[in-house]
Every structure is written in structure tokens, then in C-alpha cells.
Amino acid sequence: MHIADGVLPTAVAAGSYIVTLAGLGLSLRTLDQRELPKIAVVSSSFFVASLIHLPLGPTSVHLLLPGLVGALLGPTAFLSIVVGLFLQSLLFQFGGLTALGANSLMMGLPALVCGFLYRRLRGTSKKSNALVGSLVSGLGVLLAALILAFFLATGGESFMGVAKIALVAHIPVMVVEALVGGFVISFLYQVKPELLGVTLARENV
Amino acid sequence: MNFDQAHVIVLNGVQTMSLFSCLFLPFFCALVAWLLKAEESTSAGQKTEPDWSSPVLDRHGQGSSLFHTWAPSIKIATLLIAAFVIVSLHTLAWALTALFCCALCVELTGMSWTRPLRRLAALGGFLGMLVVIVPLTSPVQSGETVLVLPGLPEWPYSLAGAHLALTIVCKAMAVALLMEPMLATSSLPQTLQGFTDLGLPASLNQMILLCHRYIFVFQEEMRRMQRSMRVRGFVPRTNIATLRTMGSGFGMLFIRSFERTERVYEAMLSRGYQGSFPAEVRQKITNMDLVKGVLFIMIAAILLAGDRLLPLILF
């Protein structure tokens, strides 16, 4: 769920913008220019994937994917997510322009955490990769939901109800995303492990 | 729940229905209008194959309105400040005024209302949730008016909460309407150049351009994959098999898009790409651009001043 314009107090919206810009500056400074197109591509393919709705009982959910972006891109995931969210706001009004900073932190920070955890814990077998991929995918949604609830709660007591409901509404998304994330990682591990930064011998697959 | 201090009004079913229909009327209007427009465009689109490969944002980049002739950097800076002013408003009346001003801006661009309305429709879910939940869960203050709805005695409907939620709805819709005049009245490279002139790193500019270009390519790729899955009898359901299939589908999308880009990137390098695209002719900043900037900042300042000072004068 993206935060729309006008929900957050202006100080919070502006403050999160400043933090996001600082984060962008940092990741751009450490970035290899040749990686730019790769990040752009990963951003756009995740953008497209997050537009697909999966059926869930009578309703449907779409994926948030911070965990997978983190797993694929590692430290540059933040950059990718800001670009993706900027374009989502620009093209479809998913997330307000003034809330872009908050939305970027909401998705970007979990992506960084998940990327770090995935790289640390994934192990060397397909099973462990899929399992850790699944865990970080679920964790990504959980962290994003917690940050969302935190941002909503900065609006004062009137928003506490919304924050709680938003948190609860993310539980099914978390479950779906954990499962899909595991399947995506296991598929990538079998078909193109280089994408995950895996350079081990193929006989382990 | 204890709300002794509040002014309580108990509603019956009919009153509740009419209250909620009033609250949701603007949304339904926007939605219906959008659906009608969408209907029109699909019936028109059937005659010719749509060109899916070309980006849609700057289709209206050509024009002669005051937004089209405005230098992108000044335009973006001004309207971004205006957007932040709008989201800072606290009172419904001034948020409505802002909404009206932004609608006027869209009208001034002379563009069709399809995309602005589609933006409003995209907001529907989030704002609809706010309108329903915030009034029911706002803490009740003393002296405030609450409505007790039939069947929900524990969840008083706070009018202050409703005011807050509707103010947010107006603000969000106002900024959403401002997006098209701000970002779609120049070609996308020019708009991004405007951001770069304001201090955004040039490499980010390149990334956004590439990403924007690829979104439409990959969207078509995804559609093709979904079509071929359907042809092979895949019906999405709520089960593990669906998730596994979709997971592999997403994985395939990433791999295909990645390999495609590697080829394209090599082709770009071999044609002399060195990290930046040839720039279009940059619009020079004229006095007229600055005058427009000052004008819009003044309008925003009036909105903010009215929002903050008028209640003080009146009460």
C-alpha cells in the first residue's frame, strides 16, 4: 500500500524526503556507472511484476517485492526502489509525489535489510536459497508494513486505527509474498544463478 | 466506549445510508467518468493496433498552454512547492479551494481529462479506506459531535474525524490533479532535465529514462507470458500451484528482461553510449517563466495564509 499525498504531516513528508535524498546520494556515490542500466532494468521488471494481481480467496493481492529486489540487487536496491516508486507515482499515481520520500523509505529500507540478510544466510544449496529467499520476502513485507504503520501513526491518534488495520491487511500479502518469493528464488537459482550473485559450481544445483 | 463529554447524535438506517452516499458521491462520479472514458478509448482503440512500445507519459508534451511553454525546471520547482503547501492545509474549505485551483490548472493545460481522472481513480482504494476508518477510530474529544450508527454502538462516527479524512481526500486529489500540468506538459527527457537542473544527479535521470522505456516493453512481455499461460490452461486460483507457477513466471520475466538488456546495453555501448543520452534543446529560462513561478507561489501562499489565519480571525 502506498501512502497518498496529504496523509502525513508536512514535517514528516519533508523529513523523509531529505533522508531519501541523502540515501540516494550515498548509493550513487558508491555506484559503478556501468551498473546503471542493470538497476534500471531490475526496477522496471519489478515494477511490472508488482502490477500483477494474484488471487486470494474472494479478493486479490499484488506483490510489494522489497525482499526480492534486495536479494537481487543488494546494496543498490534502494536506488532501484526510489526509481520504481518515482515512476509509479508519475505514471499511475500509486503513492503521492509529496509522500515519495516516505514511500521510498518504507520499501527501500526493508530491501536493504533483506538483501543483507539474504546474502549472509542463503547457504550454498537450492533448498537453503529458496528457504532464505522465502523468509526475506516475507520479512520485507513485514518491515514495510511496520514502517507504513509508523508513518501513519505520526499523523496523530486519529490515524492509529488506520495504522493497525494497514498492519493486519499486510499479513495475507506477507504469506503470499513469502511463498512466491521462495519460488522465484528457487527458479532463478536453477535457471540463472548469476542473477543472484551465485558463482558456485553447477553440480550443487 | 465512554463519550459522555461529546455531543451524541443517534442515527437510524436511512440517515446512515444518506450520510455515506454523500461521502462517497465524489468518488463514484470520478470512477464512473473514468469508466466512461475508458469505454470510449477502448472502442476507439479497436480500430488500430495500439503502439505498446511507446511511453505514454509525455504523449501530451506538445501544446501551447502556459504549462507547456513554462521552462521545466522552474515549473517543477514551483509546482513541487505548491504541492507541499497543499498537503500542509488543515481545513476542508481551503483544501477544497486548492482542489478547485488544481482542477483549473488541468483545464488550462487544454489536455483531455482521461489521465487526471485515472489518477483520481487510482487513489480511490486508499482514500476510501481513510474515509471509512478514520472517523470511526478517531479518539472522541469533549464537546465534539459524534454520530452513533445503527449496529455500531462501540464505534462512534466522529465528525472531526470525518472532517480530517475529507480534508485529506481533497488534498490528495488536488496534488494528483497537479501532477499532469507539472510533469506531463513537457517531454519526459525535458522534465527529467528540469529535475537535473534542480540538483538531481544526472545518472539518476538516465536511470529513470531507461526504466521508463523498459516498463512498457516488459509489460508487453508479461502480457505475452500470461497469454501463453492461459492458452495452456492456466487458471489462477488460491493455491500453492498458482503461486509456484506465478513465481516461475516472475523469475522468467526477470531473466528475460535481464538478458534482453544486456544485449541492448552492449549495442548501446558499441554505438558510443557513454552514460548520457544526447540532450534535447534546453529551454532557456525567461522572465515570463519567473513571473509564472511567482504567480503560482503567491496563489499557494494565499491558500496557506487563508488556511492558517482565517480561522483565527473568524473565531
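Owing to the predicted nature of the structure, the values given are computational and were not obtained by experimental measurement. Reminder, nothing fancy here: chain letters follow the sequence lines and each chain counts from 1.
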For chain A, the option from [options] that forms the most heavy-atom pairs under 4.5 Å:
options                        : result
B:T242, B:L204, B:N239         : B:L204
B:A122, B:G249, B:A165, B:S248 : B:S248
B:M252, B:Q206, B:Q226         : B:M252
B:A176, B:A83, B:C170          : B:A176
B:T137, B:L253, B:L243, B:L130 : B:L243
B:S257, B:A174, B:P139         : B:P139

Where [X] and [Y] come nearest, the two heavy atoms and their spacing:
X      : Y      : result
A:I81  : A:A111 : CD1-CB, 3.5 Å
B:L177 : B:P181 : O-CD, 3.0 Å
A:Q88  : A:S50  : NE2-OG, 3.3 Å
B:R260 : B:F218 : CD-CE2, 4.3 Å
A:G123 : A:N129 : O-ND2, 3.6 Å

- Message: Looking at B:R223 and B:E220, is there a salt bridge between them, counting it only when a charged N and a carboxylate O are closer than 4.0 Å?
- Response: yes
- Keeping to residues at least two apart or across chains, list the salt bridge (Lys or Arg N to Asp or Glu O under 4.0 Å) pairs with something in residues 244-259 of chain B. A:K192-B:E259, B:E221-B:R256
- Query: What is the distance from atom CG of A:L64 to atom CG of A:L142, rounded to the nearest 0.5 Å?
  - Reply: 11.5 Å
Check each atom of [X] against the heavy atoms of chain B and say whether the ones under 4.5 Å are side chain, backbone, both or neither.
X      : value
A:L79  : both
A:S89  : both
A:L24  : side chain
A:I185 : neither

Contact part of [X] toward chain A, heavy-atom cut-off under 4.5 Å: side chain, backbone, both or neither?
X      : value
B:L79  : neither
B:I240 : both
B:I215 : both
B:Y265 : side chain
B:M268 : neither
B:M179 : side chain

- Which of parallel (below 30°), tilted (30 to 60°) and perpendicular (above 60°) describes A:H53 and A:H62? tilted
- Query: Aromatic rings A:H2 and A:F94: how do their planes relate, parallel, tilted or perpendicular, breaks at 30° and 60°?
  - Reply: parallel
- Note on the structure: Given the options B:Q190, B:E180, B:K75, B:T185 meets side chain to side chain donor-acceptor pair (under 3.5 Å) only with B:K75
Go through [options] and name the one with the most non-hydrogen pairs under 4.5 angstrom from chain B.
options                   : result
A:A4, A:G6, A:G181, A:A14 : A:G6
A:V82, A:I165, A:L8       : A:I165
A:V7, A:L195, A:L63       : A:L195
A:L31, A:L68, A:V41       : A:V41

- Message: Looking at B:R308, I'd like to know if its CZ atom is crowded, meaning that more than 12 non-hydrogen atoms belonging to other residues, nucleotides or ligands lie closer than 6.0 Å.
- Response: yes
- Query: Heavy atoms under 4.5 Å from chain B: which residues of residues 155-164 of chain A carry them?
  - Reply: A:E157, A:S158, A:F159, A:G161, A:V162
- For A:F46 and B:F254, what are the C-alpha separation, side-chain angles and deciding distance, and is it a ring pair (Phe, Tyr, Trp, His ring centres under 6.0 Å)? CA-CA 8 Å; A:F46 278 100; B:F254 301 147; 4.4 Å; yes
